[in-house]
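Data block below; observations after.
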Amino acid sequence: MELSKNFIPGETEIKWNEHWKNKGYFNSTPDDRPAYTVVIPPPNVTGVLHMGHTLNETVQDILVRKARMSGFNACWVPGSDHASIATESKVVQMLKDLGIDKNTLTREEFLKYAFEWKEKYGGIIYNQIEKLGCSVDWNRVTFTMDDHYYKAVIKVFVDLYKKGLIYRGARMINWDPAAKTALSDEEVEFKDVTGKLYYLKYYLDSAGVIPPSGEQEGGSFITIATQRPETIMGDTAICVNPNDERYAHLKGQYAFVPLINRRIPIIFDEYVDPTFGTGALKVTPAHDINDYNLGLKHNLEVIDTLNEDGTLSEAAQIYVGVERFAARKKIIAELAEKDHLLKEEEYPSRMGYSQRSGAVVEPRISTQWFLKMKEMAEPALNAVVGGSIKIHPGDKFLATYKYWLENVKDWCISRQLWWGQQIPAWYDDKGNVYVGETLEEALKNVSSESGVVSEDKTHSSQLTTHNLTQDADVLDTWFSSWLWPMEVFNGISQPDNNKEYYYYYPTAVLVTGQDIIFFWVARMIMAGMHYKNEKPFSDVYFTGMVRDKQGRKMSKQLGNSPDLLDLIEKYGADAVRFGIMISSPAGNDLLFDEASLEQGRNFNNKLWNALKLLKMWEGKQSNEQGIVNSEQSVPGVFAPSPSEGSGVRPNFAINWFQNRLNEVRSELENMYAQFKLSEALKTVYSLIWDDFCSWYLEWVKPGFEQPIEADVYKKTVEFFEELMQLLHPFMPFISEEIYHLLSQKEDDLCVKQFGKMEAADKSILAEGELLKNVITALRDARSRNQLKPKETIKLHILSEKKEVYQPIENILAKQVNAESIHYVNDAVADTTVVAIEKDKFYIESEKQIDKTALKETLLKDLEHQKGFLISVQKKLGNERFVANAKPEVIDLERKKQADAEARIQTIEESLATL
RNA sequence: GGGAGCAUAGCUCAGUUGGUUUAGAGCAUCUGCCUUACAAGCAGAGGGUCCGCGGUUCGAACCCGUGUGCUCCCACCA
């Protein structure tokens with residue numbers, strides 16, 4: 001079989017994706033094995049996967065594949081989120097481009113467009129997930145507006161309403177004037193901005209009757225500082241601190257709102273900070289949460305001067321219909337003109353922006369539906385604080401989580417949109433509310449606007465379904481996503497006798513971004529605790545944010561957000577997965593650089609070439625399995641003395657690598673347990689590249705034109721297979737491909753179970769290290785003496801423990817290109833000497849050696865050793881150290897001392913021979 | 001304003017309850033190699049006052065205090 005020069009990912013990926021799918025490997029049904037369930041954080045249905053998703057999905061796939069290969073019934077549920085605001089605004093924009101105004105459509109017409117849009121673009125993310133190699137169960141695809149899911153959301157709403165946890169009321173909420181909907185507190189993002197503080201004159205009504213004219217002179221006034229002069233028309237009071245002597249004389253007085261000359265009272269409240277601004281505050285209950293509270297306390301009128309689209313309303317009297325920020329400019333100009341503007345100054349402040357539309361959020365009083373959070377929060381808090389849900393990495397987020405839940409406010413769950421689950425509440429013309437999963441059911445559950453649920457038969461008998469109108473609003477997207485881990489198994493819609501629900505829930509681990517800890521993670525825990533009295537997942541793994549290599553957030557404007565499919569096209573899915581994982585320290589932000597994908601591609605190539613090497617050997621094996629004696633041994637393969645009794649002769653390289661594998665497998669288990677996936681990948685990478693390719697394969701490599709011993713070949717193939725298995729969760733395609741190319745097989749790697757773990761033999765590993773050190777040191781010496789790789793040397797070893805070197809001398813000779821190895825008892829003249837521990841290696845070559853350079857190297861080493869010896873001696877000379885330190889620590893120090901002394905002696909002797 | 005976290009090689013990070021050498025890895029850099037798997041490679045090397053200061057300890061990158069500089073989260077001061 002002819003193998004291509006380099007690994008070609010494209011075809012391989014398609015081939016294995018199809019094969020895996022045909023075999024149904026990733027489809028899960030409950031069985032006797034323990035379940036390992038992961039639910040994907042559902043991406044927006046019409047979105048595309050960005051690098052953050054790529055990281056997320058890769059992490060999940062690694063965990064799921066590892067579990068699948070470790071005896072678990074792995075089930076990874078894919079799906080997508082209807083993302084009400086995001087999708088609706090996209091659809092509205094699409095309609096606009098077609099020349100259609102949403103307002104001219106009926107709800108049904110609009111939803112028809114929206115579903116068409118969803119059908120058209122909803123498949124993109126699924127395609128990307130598949131291309132990336134994600135081993136999800138495609139039979140379980142769930143969308144948050146699927147029929148059963150829709151019903152589940154409605155069911156939960158009705159249930160919580162009946163329990164008195166959901167209520168409707170007029171409150172100050174965050175209003176998005178662009179999307180024209182209410183937002184939850186979490187959907188508002190604050191940014192620092194430099195605003196301006198305007199100092200305005202409010203003339204006092206000393207006489208109590210006559211409104212001052214605009215150009216009034218000499219009249220007394222009170223100065224108010226405000227950032228938002230366009231809201232003055234909504235002012236209904238001026239407030240000062242009762243202890244502020246400057247304003248004590250204003251008790252019972254009134255002032256006039258500039259421009260419109262409305263008369264407002266001056267009130268006193270300790271809320272006002274006398275040291276801030278002028279110590280006097282204008283109170284606008286309709287447009288500021290604090291003012292709203294003050295208004296409630298002092299029974300002030302509420303004048304809403306803004307329309308829902310952010311333009312000034314009729315109530316403003318002036319600039320009606322003008323957009324709020326344009327109105328601000330005009331009002332400032334008019335205030336200045338009419339001598340109401342004393343001064344303006346720069347002022348740093350924070351402004352709230354809508355997470356979705358980017359519009360500046362307007363505090364607004366509005367009637368909305370709310371979920372009481374205190375009751376929901378406590379079990380969710382205990383689940384994490386009590387340790388039954390573990391957050392990774394560490395407990396970096398524990399404090400944040402705890403603080404949020406302890407101070408959580410009620411959740412505004414209604415949205416003035418059409419795309420989503422419509423609130424199952426109906427109203428009659430008397431203001432009564434009927435809540436139920438269906439209209440018929442709702443009729444049985446009438447309640448007054450603010451009242452409690454009652455079974456009022458008189459109402460229901462008089463009313464028919466025609467008299468009622470359903471609430472036009474839909475529910476917040478997160479009010480559906482918080483049921484995700486349950487409802488993907490129909491746990492809410494059909495909880496009874498639901499085998500799957502009991503088998504798969506709670507899920508194993510949730511992998512998500514730390515930015516949605518409140519939106520989603522905390523609320524899923526709430527829903528889980530409330531409806532199943534069981535956590536939704538045992539572990540939460542937070543990935544960091546993906547940034548570009550300069551540390552900037554990825555964004556369309558900057559053009560630094562690469563297209564996933566382009567990257568897969570260019571480097572291959574395995575390389576993309578490798579690249580993003582290798583640069584991804586758990587929980588920290590990741591600086592994305594295409595260079596790491598190149599590294600992944602290069603790694604593919606390395607694997608491919610190792611495969612090619614083995615395929616070359618495959619046809620060239622010696623048949624005398626286990627019979628060849630050491631004198632006739634295949635060059636390059638060391639054949640040590642037969643092990644007692646067995647007749648099978650272990651080979652040092654094989655023995656060493658077997659133990660390296662054992663050692664690394666146990667390290668990997670620890671890393672997986674701690675979700676240190678990036679480190680795990682690094683470990684596998686290094687095991688393959690360094691230990692296997694650079695050392696092991698070179699050690700067992702037969703000489704030119706020589707066959708490889710059949711046993712050795714067989715073992716090497718097994719090692720390679722085992723390495724592919726370790727690599728598989730990270731790089732599924734190439735590992736599966738190589739696994740099949742190595743030998744004919746019936747099974748597939750993606751479902752091959754890991755073998756038993758074996759303990760590693762430390763002494764063999766130590767011997768391997770010694771061998772590597774000797775080889776490296778000798779190569780370094782060669783390099784310093786400018787010996788060409790082809791120039792051979794004669795190696796003389798001066799050691800008290802020949803028996804250590806004899807078994808590995810074949811390997812050693814080959815690795816340092818020595819034509820012979822001799823053991824000596826004295827220094828060899830005119831050679832380069834290398835000292836390792838207590839042993840000396842003399843390199844004899846035809847080339848003249850550079851004594852100066854050699855001397856320099858030895859002196860440098862000597863200096864280092866002496867310095868080290870002093871530090872050790874200092875320690876051991878310290879009585880208190882000897883008295884207090886643990887015996888094993890002292891022994892270690894003594895050994896260090898002895899070693900250092902021996903080495904110093906070796907080096908000095910070597911110097912003497914020069 | 002409240003809270004959390006970070007600071008180790010040019011860059012990105014490891015460094016397990018304080019003692020396995022005078023601190024490791026990958027990338028980048030430098031040197032030598034077209035060696036019959038791989039130049040997307042091989043071999044080798046250089047590079048660090050573990051942010052500053054103080055303390056605890058026989059012993060500190062690690063624990064404590066303090067200063068400096070970053071990052072994030074939360075919060076209604078006009």
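Because the structure is predicted, anything quoted here is derived from the model rather than measured. In what follows, chains carry the letters A, B, and so on, assigned in the order in which the sequence lines appear, proteins first and then strands, with residues in each chain numbered from 1.
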Rounded to the Å, how far apart are [X] [atom1] and [N] [atom2]?
| X | N | atom1 | atom2 | answer |
| --- | --- | --- | --- | --- |
| A:Gln865 | B:U21 | CD | C1' | 9 Å |
| A:Ile224 | B:C77 | CD1 | C1' | 15 Å |
| A:Glu598 | B:C11 | CD | P | 21 Å |
| A:Glu791 | B:U35 | CD | C1' | 13 Å |
| A:Gln815 | B:C33 | CD | P | 20 Å |
| A:Arg880 | B:U57 | CZ | C1' | 8 Å |
| A:Arg328 | B:A78 | CZ | P | 13 Å |
| A:Lys790 | B:U36 | NZ | P | 8 Å |

Both distances under 3.5 Å, Watson-Crick or G-U wobble: report the partner of [N], or none.
| N | value |
| --- | --- |
| B:C63 | B:G55 |
| B:A23 | none |
| B:C6 | B:G69 |
| B:A14 | none |
| B:U31 | B:A43 |

Quiz item: When rounded to the nearest Å, what value does the distance between C1' atoms of B:U68 and B:G15 take?
Solution: 25 Å
If only side-chain N and O atoms of [X] are considered, is one of them under 4.0 Å from the OP1 or OP2 phosphate oxygen of [N]?
| X | N | value |
| --- | --- | --- |
| A:Lys409 | B:C76 | yes |
| A:Trp404 | B:A4 | no |
| A:Arg779 | B:G44 | yes |
| A:Lys606 | B:C42 | yes |
| A:Asn407 | B:A75 | no |
| A:Tyr403 | B:A4 | no |
| A:Lys615 | B:A37 | no |
| A:Lys282 | B:C77 | no |
| A:Lys788 | B:C33 | yes |

Quiz item: So how far is it from A:Trp699 CH2 to A:Thr716 OG1, rounded to the nearest 0.5 Å?
Solution: 13.0 Å
Using the side-chain heavy atoms of [X], tell me which of these nucleotides is nearest: [options].
| X | options | answer |
| --- | --- | --- |
| A:Val889 | B:U20, B:G19, B:C38 | B:G19 |
| A:Ile289 | B:C76, B:A37, B:A45 | B:C76 |
| A:Leu892 | B:A45, B:U20, B:U35 | B:U20 |
| A:Phe276 | B:C76, B:C77, B:A37 | B:C77 |
| A:Leu613 | B:A40, B:G41, B:A37 | B:A37 |
| A:Lys5 | B:A39, B:C58, B:A37 | B:A39 |
| A:Asn605 | B:A40, B:A37, B:A14 | B:A40 |
| A:Asn609 | B:G44, B:A37, B:G41 | B:A37 |

Could you check if a side-chain atom of [X] sits within less than 4.5 angstrom of a side-chain atom of [Y], using non-hydrogen atoms only?
| X | Y | answer |
| --- | --- | --- |
| A:Thr305 | A:Ile232 | no |
| A:Lys612 | A:Asn609 | yes |
| A:Val774 | A:Phe841 | yes |
| A:Met731 | A:Phe603 | yes |

Quiz prompt | A:Lys191 charged N/C atom sitting above A:Tyr353 aromatic ring, 6.0 Å / 45° | solution = yes
Quiz item: Got a donor-acceptor contact below 3.5 angstrom from the A:Arg903 side chain to the A:Ala835 backbone?
Solution: yes
Quiz item: Quick check: does any side chain N or O of A:Lys201 sit under 3.5 Å from a backbone N or O of A:Pro258, one acting as donor and the other as acceptor?
Solution: no
Quiz item: Toward the 5' end of RNA chain B, which comes first, A:Ala610 or A:Thr776, by nearest nucleotide?
Solution: A:Ala610
Quiz prompt | A:Val882 vs A:Ser694, nearer the 5' end of RNA chain B by closest nucleotide | solution = A:Ser694
Quiz item: Between the base of B:C38 and the side chain of A:Lys612, is there any donor-acceptor pair under 3.5 Å?
Solution: no
What nucleic acid atoms does [X] come within less than 4.0 Å of, heavy atoms only: base, sugar-phosphate, or nothing?
| X | answer |
| --- | --- |
| A:Cys693 | base |
| A:Trp617 | nothing |
| A:Tyr292 | nothing |
| A:Asn884 | base |
| A:Lys895 | nothing |
| A:Thr400 | sugar-phosphate |
| A:Leu281 | base |
| A:Asn817 | nothing |
| A:Asp780 | sugar-phosphate |
| A:Arg782 | nothing |

Quiz item: Parallel, tilted or perpendicular: which fits the ring planes of A:Trp404 and A:Phe518, with parallel below 30° and perpendicular above 60°?
Solution: parallel
Quiz prompt | CD/A:Glu791: more than 12 non-hydrogen atoms of other groups inside 6.0 Å | solution = yes
Within the sub-3.5 Å range, which N or O atoms of nucleotides 26-30 of chain B have a protein N or O partner, and how far apart are they?
| from | atom 1 | to | atom 2 | distance (Å) |
| --- | --- | --- | --- | --- |
| B:G26 | O2' | A:Gln599 | NE2 | 3.2 |

Quiz prompt | Verdict with supporting geometry, A:Arg228 and A:Glu362, salt bridge (charged side-chain N to carboxylate O under 4.0 Å, His left out) | solution = CA-CA 12 Å; A:Arg228 305 198 54 193; A:Glu362 200 65 53; 2.6 Å; yes
Exercise. Applying side chain to side chain contact (heavy atoms under 4.5 Å, CB included) between A:Ile238 and each of A:Val272, A:Ile266, A:Val283, report the one that passes.
Key: A:Ile266
